[in-house]
Amino acid sequence: MTVMAGVATFTGAVGLYPLFAEGGWLWGALGSVIAVGGGGMLARRLRLPAVLNPLLGLAALLLYLNAVHAGAQSWLGIIPSPASLRYLGEVAADGWHAANRYAAPVPLVPGIALLAAGGVGLVAVLVDLLAVRLRRAAPAGLPLLAMYSVPAAVREDGAGWAAFGLGALGFLALLMADAREQVGGWGRLVGSAPWSGDVPMAGTEPEEPPAAGPRGGGLAARGWRIACAAVAVAVLVPALVPGLQPRGMFGLGGDGEGGGGAQTVTTPDPLVSLKRELTRLDDSIVLTYRSDDPDGPDYLRLYALDRFDGDRWTYSALKSSGKDRLRGRALPRPPGLGLVRTRQVTTRVRVRPEVRNMTFLPLPYAPERVSVEGDWRVHAPSRMVYSLRDSAGGRSYTVRSVRARPTAGDLATAGNYPAEIVSLYTAVPRNVPPEIRALAGDITADAATAHGQAVALQRWFTETGGFLYDLSAPAPQHGSDLADFLLRGRRGYCEQFAASFALMARLLGIPSRVAMGYTPGTQVRPGEWVVRSRDAHAWPELYFEGSGWVRFEPTPAGTAGQGTAVAPPYSRPATGSGAQQPDAGSIEPGAPGPEDEPTAAPGASADPRRDGGGDTGPAGVRDEGDDGFAMVPWLAAGVLLALLAAAPMVVRALTRRRRWAVLAPSGTGGTPGAVSPAPAVAAHAAWREMRADALDHGFEWRASDSPRAAARRLGELLELDEEGTRALGRIARAEELARYSRTRPAEPAERLRTDVRTVREAFAASVGRRTRWRARLLPPSTVAQTRESARGAADRAARIGERAGAAARRLGGLADRVNALPGRLRRRP
Amino acid sequence: MAVGTHGDSFMETDPPPHRGPAARRDQGGRGGGRDLDGLAQVANKIRDAVESVIEGKPKVVRLALTVLLAEGHVLIEDVPGVGKTMLAKALARSVDCSVRRVQFTPDLLPSDITGVSAYNQELREFEFKPGPVFANIVVGDEINRASPKTQSALLECMEERQVTVDGVTYGLERPFMVIATQNPIEMEGTYPLPEAQRDRFTARISMGYPDASAELEMLETHGQASPLDRLAPVAHAEDVRELIDVVRRQHVAAPVKQYAVDLVAATRTHPDLRLGASPRATLHLVRAARAYAALDDRDYVVPDDVQDLAVPVLAHRLLPTAEAQVERRHPEHVVADLVRRLPVPGPGK
């Protein structure tokens, strides 16, 4: 039992793996589990009261942790001394800081390892006390569950299904051991041996007593079945139900081509990290860089969050494969970048070695060529550069980027959006409050173009809206938080500004996304810039055909805002920028380059989205974007659910068809008097069909009922009219004759078929409406069929398990014999 | 000495001489000598006759008749006074054949049943004096009051339908049926029947108390004179022999045979039973099911027949374990439970 409790704790602890960057903590956890188990066992051996049980376990845990982590400071290397305890406290404090500093997975610094081992050890103490000492194995699942819920709460993707299954099996094993011990307390099962040997039969071989009585065996098999099914359901259902796991079954998938298949990239939640960076007290240097951009460097982007799920901005799952590796190659031209002026910028970045877990590279948009050591990959649509195992900490890299320099005119006369951009970047879930939509419309009522709308939005956010930059505002968790920010509170930091700006842009039909990274920082020497953690920033990017993704800046800058944020020139209101207008005009001929707008002249209607004339155009585009994108998974899930729900009905209909189809040729073509197997086949078909109907309508069907007994019982249950009674009797008699008599039933197949229908109507008439609908939609007869086959599969699995157990026992026997060998050899003369 | 021919007024025939096999074949060999309809007719007549004496017990009467047609022996067990002997006598008297009655007592000897070889002074040789078993129907009253030794005297005649005395074997005439009555073994002065003998009885019938109305009616009919006195034979021994042949030709489908075998086999592995049913029990079960089906005017056996007969045919052969006995799980319950649980053979998937 002690061992089982330890095993359950340890398997439960395996579920913590997503929290740690390395696997070494597992050994620490194993050590503390063993230490606690030993302490508990000692307490029980000494017959100490239950109160002392956890105390002894805790003492053992302390001894263990002290010996491992502060052995040098202890007496004799193991006995805790004041110095070693103080040291332990320091290490734990370090660990605590580290845990608060890093987003999961955290690196395995000694403090973290200590905390992990200690935490697992505490759980082990509780489990040991509950399951072993107090004999309450079921409540012992609570601490295990608490342990499992930690990664589920911290990591958005939670722990893997395998870890969960392992933990669940460990807990089940604990329950099983407990039950077995309780049963064992009653002694052997009484009266379960079929032949107790009282009446030996002459000439029979003495039978070997079965290992377990038939009842015990049956129960055990059923227990196995239930346990396996429970774990399988718990693992499979969330994987199959859409919406519970963002990436579907086991997070696998991808394009399959390229080296070694695709792999989903998971990283700490960027938004959580952002808030943490912004509020760090020490404001440490993250990176330094040199840039040859004469206008001053652009923002350094880490992430592009392209998906708004109703609550937060996230990036779509990255499917990474070998072909995404950078390998120093030039990247293709960024999307949408057309004929606006661009400038090549070279930036040399040096990330400080203290930076941990920076798995995305901060790069100025849009990188063309990145020279960096290690396995770095690029996500082509967003130009994010990331690594599956390397961190940017301590690295230096050079990036050549192309910086678009659109003017306000360029943007104002931008062409139509490509369809895939619209579908990807204007999708908004349905649950966005209509007030936000109305607000966006009000703010941009005077704007004629997408650019005008964006400028109006930015002006509203930074000047006229009355917003206040406030780092103490809580990070937005839900869609309602954004609505609060926009409609009521109007206090927040860059995350709220960027998120709501991008959301409103989407509501207006402008493709948008939220970028995260760093502002340019501060210049320390000419051409050399320093970026600190408080330069972390989020900003919206809007798409304009011809210019690609361009940055806007809704967050207030300066001392009352994000200190180093700069609003790009094209995003400022056009007042006094008359000089730019001719400039824009001169560019104009080139702007309407995109070939996807062959009919409407760009000059005629400035806004690319309103060129359709009338309201249906933009509305249609937007609705398609909204619903089409957001609805696809729901639609698929709905179709899948519908298919699943319809499956029993379809199976039932197919079975019915198949049954009657068997006798169709002989039933129609055969002569009634001919000696053919058809009558018996028809009788069997009718009988099976009636049986299925009875099951469907919730009538009990006993396997021990003969046809006439079944018909009698059904006749008593149903309120049958004369015709119904006759029909039921005919079916039963035909089946009885077909089964047991030499004479074959004389009923023609068609008659039986009509009879079955009559009886089915009688079934339907004598049950409630709910049962009737269930019989149609979810016929239990097919469910029973499925259950039978599932039971067969489970039995086979259990048999395999038993065989494995038997093999293990044989192995154990072999080991015993080997152990006994020296003794036997000695006995020989 | 309580042995002797029945002293009542109904006709008693001398034990007829043993007929050879050839003669027997002549009697029933035509196959179609009597068909199912004829059987039902005769059987109904016997049934009505018996029911005129035993009121309100159609099931018991049908079972007794089933055993008669299955060439078996029946053990009627119940507390005194519920009409065991009445049933035995009524059945015996409905059929016009030789009937002997043996009152079993503790001092009864085996030779009192089988007969003895006595020295004939005139002929100066041993002469065999047949005992009461040389009859078509032998009514053994309170069979469990005799010692096991005497009870065992019935073993040979019941199973093999022959008697061996002093090395000479004498055959018995068809039909041969032992109708034994016994009190429950908890009663005073009773010996339990040996397993071997119990196994030779095709069925054990429990009479049970009559319901109130039947008991009231009984007061009316039995008040004036015994209804047994008014009972006249309604069938001849020859009729019964033909009926038995018809029953033998009844069709038993393979699934039904399998079902019977499964049912009997299940008693052998049941945890509540120390001794399961023997292969002879399977034989008796199927034979009785044939007769049961014939009485239902059917020429094939259905599992319902086997189910209806399972308790009467199997229960008295089973020995419960000590635990089951303590917990009052009687073999009847075990068999009924098995019948409820064993799936009937179907047409397959």
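Below, read A as the first sequence line, B as the second, and so on, with proteins coming before strands; counting in each chain starts at 1.
Annotation for A:Arg733: atom CZ does not count as buried by contact number, only 12 or fewer foreign heavy atoms lying within 6.0 Å.
Side-chain contact check for B:Arg298 versus A:Glu736: some heavy-atom pair is nearer than 4.5 Å. Using a 4.5 Å cut-off on side-chain heavy atoms (C-beta onward), B:Tyr300 and A:Leu737 make contact.
The line from CD of B:Gln307 to OG of A:Ser706 is 5.5 Å long, rounded to the nearest 0.5 Å. Note that OH of A:Tyr740 is 7.5 Å distant from CG of B:Asp304, once rounded to the nearest 0.5 Å.
Neither the backbone nor the side chain of A:Arg702 comes within contact range of chain B, judged by heavy atoms closer than 4.5 Å.
A side-chain donor-acceptor contact under 3.5 Å links A:Arg739 to the backbone of B:Pro345.
Within residues 287-295 of chain B, no residue has a heavy atom under 4.5 Å from a heavy atom of chain A.
Nearest heavy atom pair, residue B:Asp299 against residue A:Ser741, reads OD1-OG, 4.4 Å.
Salt-bridge formation is not detected for the pair A:Asp705/B:Arg340: no Lys NZ or Arg NE/NH1/NH2 atom is positioned less than 4.0 Å from an Asp or Glu carboxylate oxygen.
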### Query
Checking salt bridge (charged side-chain N to carboxylate O under 4.0 Å, His left out) for the pair B:Asp296/A:Arg708: CA distance, chi angles, key distance, verdict?
CA-CA 13 Å; B:Asp296 203 25; A:Arg708 60 172 57 199; 3.6 Å; yes

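A:Asp755 pairs by the side-chain hydrogen bond (donor to acceptor under 3.5 Å, both in side chains) definition with A:Arg730, not counting sequence neighbours.
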